[in-house]
> 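Let me begin by handing over the structure; questions about it come next.
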Amino acid sequence: NKIIVIGAVAGGATVASQIRRLDSESEIVVYEKDRDMSFANCGLPYYLGDVVEDRNLMLSATPQKFHDKKNITVKPFHEAIALNDKNKTITVKNHQTGETFDDHYDTLILSPGCRARHLPLQSDRLFTLRNLVDTDEIESFIVNENVKSALIVGAGYVSLEILENFYARGIEPTLIHRSDHINKSMDKDLNNVIFDELDKRNIKYRLNEEIADISDRKVTFKSGNVEEYDIIITGVGIEPNSDWLKSSSLQLNEKGYIPVNEYFETNLDSVYALGDVIETFYRHTKKPTSITLAWGAHRAAAIIAENLAVKSPNEKSAFRGLLGTNIVRIFDYALGSVGISEQELKDYNYGVVEQIQKQHAGYYPNAEPITLRVYFDKSSRKILRACAVGKDGADKRIDILSTAIIGELTIDEMRDIEIAYAPPFSSPKDIVNMIGYKAQ
Ligand code: FAD
């Protein structure tokens, strides 16, 4: 039995290891088009900020370790360029030799992820951050060019993390965003704390702004402004790495994501997909969604591996769906949300409850307010979406809300969540309980 995995980072390396835990027999080969496997994408902004100083900590595994410890073959610089589903082979290009060859699979698992979208601009000062190669290039550019100022283009969560980390490192950042809704996963008005945090530090930002032209350090903006920057980092969205699959019979949705069922099966026999590249579904509403975050890739890897190991198909376990639970820190604040997006709420007859309350007893030192906003379906009273913003304790509340949605609690049952209370931690009527009381 031969298992081929495409992509060797979050989804790919994890699914290969999980399969090996349960299956010592099968041959497992992982093809990775780039240089590194299993690097810590999520840690890269913090490495650039010198918060994590040791580069080795960003690389948790190597092909040698995977070979020696797990008997898994990982081939970097090997790009899958075609899927030939009729004869169950993939065509692979070895970028180091230029050679192209076909490899046969019994089971194929796709985890090629997404790539950064690029602006149609040319400049040696322009970078995107998606992997460790990008990180190394940015790091050496900063050092070699003695970078003092940075333009950050696009205000998604990765850009915000880069901004915070550049600032910490002593590089003066400026942020621009094409629209007036930054950090899209958060309700628009709740992002105001981000602007406050930037203002407090005299960090410049402009909304509804785009680059028109770059000429060495000189950046001309669509607004007419002309400014000079040492480095420009763009974070203007991502797109699925699925172009190479278009010549096959594999089904892709209109945006290029691969629809999968609750077993991560695609429309093709013996072909599975996981990670950022898939279209899956929300756990609570069952509607289709693509959520490009790490948790889903890891959960899918475990489920695929377990299902490949079962003796009979009725022992298979089904995935229950995603909630898109997410969080970002920007300086002193954390902003988290869970559930359908603010834009998707329009499809529901929803109610909303909001409470602003200190994270723990007000008399206990460092009490700071959290804003917790919870959207619920008016007929079922079940929770659709929640947002939490605060200096401390927002993470805990968003995780409680995630658990509440998984447990299918109604907004009213938020009163019943028995919170661990002592003055440093919460209140006898915690903010999550108050949401339930207020909903009455
Ligand atoms: P990836 O981990 O991107 O791996 C896909 C791999 O497939 C890539 O290495 C690619 O080179 C390779 N590949 C693509 N096409 C081919 C091909 N044709 N042949 C061979 N190989 C191919 N998520 C969070 O939940 N929290 C965070 O804080 C967070 N922070 C992030 C910060 C940054 C800077 C980035 C870039 C991402 C962050 N993410 C975060 C997202 C998270 O990293 C992804 O959700 C996760 O890595 C997805 O796993 P994946 O396997 O689908 O894709």
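All residue numbers refer to positions in the sequence shown, counting from 1. Everything numeric in this text was worked out from a predicted model, so none of it was measured. Whatever order the structure lists ligands and atoms in, that order sets their numbers, starting from 1. Computation of the quantities below employed the complete heavy-atom set of this structure, encompassing side-chain atoms and omitting hydrogens, waters and symmetry-equivalent molecules.
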> Numbering the atoms of ligand 1 from 1, which are under 4.0 Å from a heavy atom of Gly275?
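Within the 4.0 Å cut-off of Gly275, ligand 1 contributes 52 (O).
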
> Could you tell me which residues satisfy salt bridge (charged side-chain N to carboxylate O under 4.0 Å, His left out) with Glu145, sequence neighbours excluded, listed by chain and number?
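So Glu145 forms no salt bridge (charged side-chain N to carboxylate O under 4.0 Å, His left out) with any residue.
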
> List ligand 1 atoms under 4.0 Å from Asp34, heavy atoms only on the residue side.
11 (O)

> Pick one of side chain, backbone, both or neither for how Ile6 approaches ligand 1, counting any non-hydrogen atom pair under 4.0 Å.
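It is the side chain that gets close, since no backbone atom is under 4.0 Å.
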
> Can you name the atoms of ligand 1, numbered from 1 with element, that are less than 4.0 Å from a heavy atom of His78?
20 (C)

> Answer side chain, backbone, both or neither: which part of Thr292 comes under 4.0 Å from ligand 1, heavy atoms only.
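Just the backbone.
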
> Would you call Asp34-Arg130 a salt bridge at under 4.0 Å N-O?
no

> Nearest heavy atom to atom 31 (C) of ligand 1 wins, so pick from Ser38, Ala300, Gly296, Cys42.
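Checking each option, the heavy atom nearest atom 31 (C) of ligand 1 is found in Cys42.
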
> Please check if the distance between the ring centroids of Tyr348 and Tyr375 is under 6.0 Å.
no

> Is Asn131 near ligand 1, meaning one of its heavy atoms is under 4.0 Å from it?
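Contact check Asn131 vs ligand 1: negative.
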
> Among Glu32, Glu161, Glu79, Arg35, which one puts a heavy atom closest to atom 10 (C) of ligand 1?
Glu32

> Per the side-chain contact (heavy atoms from CB on, under 4.5 Å) rule, which among Val5, Ile90, Asn94 passes with Tyr31?
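Result for side-chain contact (heavy atoms from CB on, under 4.5 Å) with Tyr31: Ile90.
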
> Heavy-atom contacts with Val158 under 4.0 Å: which atoms of ligand 1 show up? List them by number with element.
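Selected atoms, number and element: 32 (C), 33 (C), 34 (C).
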
> Could you list the residues that satisfy side chain to side chain contact (heavy atoms under 4.5 Å, CB included) with Pro288, not counting sequence neighbours?
Glu279

> Mark yes or no for whether Arg21, through its side chain, and Ser17, through its backbone, hold a donor-acceptor pair below 3.5 Å.
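No, Arg21 side chain to Ser17 backbone: no donor-acceptor pair under 3.5 Å.
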
> Does Met37 have a non-hydrogen atom less than 4.0 Å from ligand 1?
no

> Could you tell me, atom by atom, which parts of ligand 1 come under 4.0 Å of a heavy atom of Gly11?
49 (O), 50 (P), 51 (O)

> Salt bridge between Asp332 and Arg201, side-chain N to carboxylate O under 4.0 Å?
yes

> Considering only heavy atoms, does Asn41 approach ligand 1 within less than 4.0 Å through its side chain, its backbone, both, or neither?
both

> May I ask you to check if ligand 1 and Ala80 share an N or O to N or O distance below 3.5 Å?
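So ligand 1 has an N or O lying under 3.5 Å from an N or O of Ala80.
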
> Any salt bridge linking Lys204 with Glu172? Criterion: basic side-chain nitrogen under 4.0 Å from a carboxylate oxygen.
yes

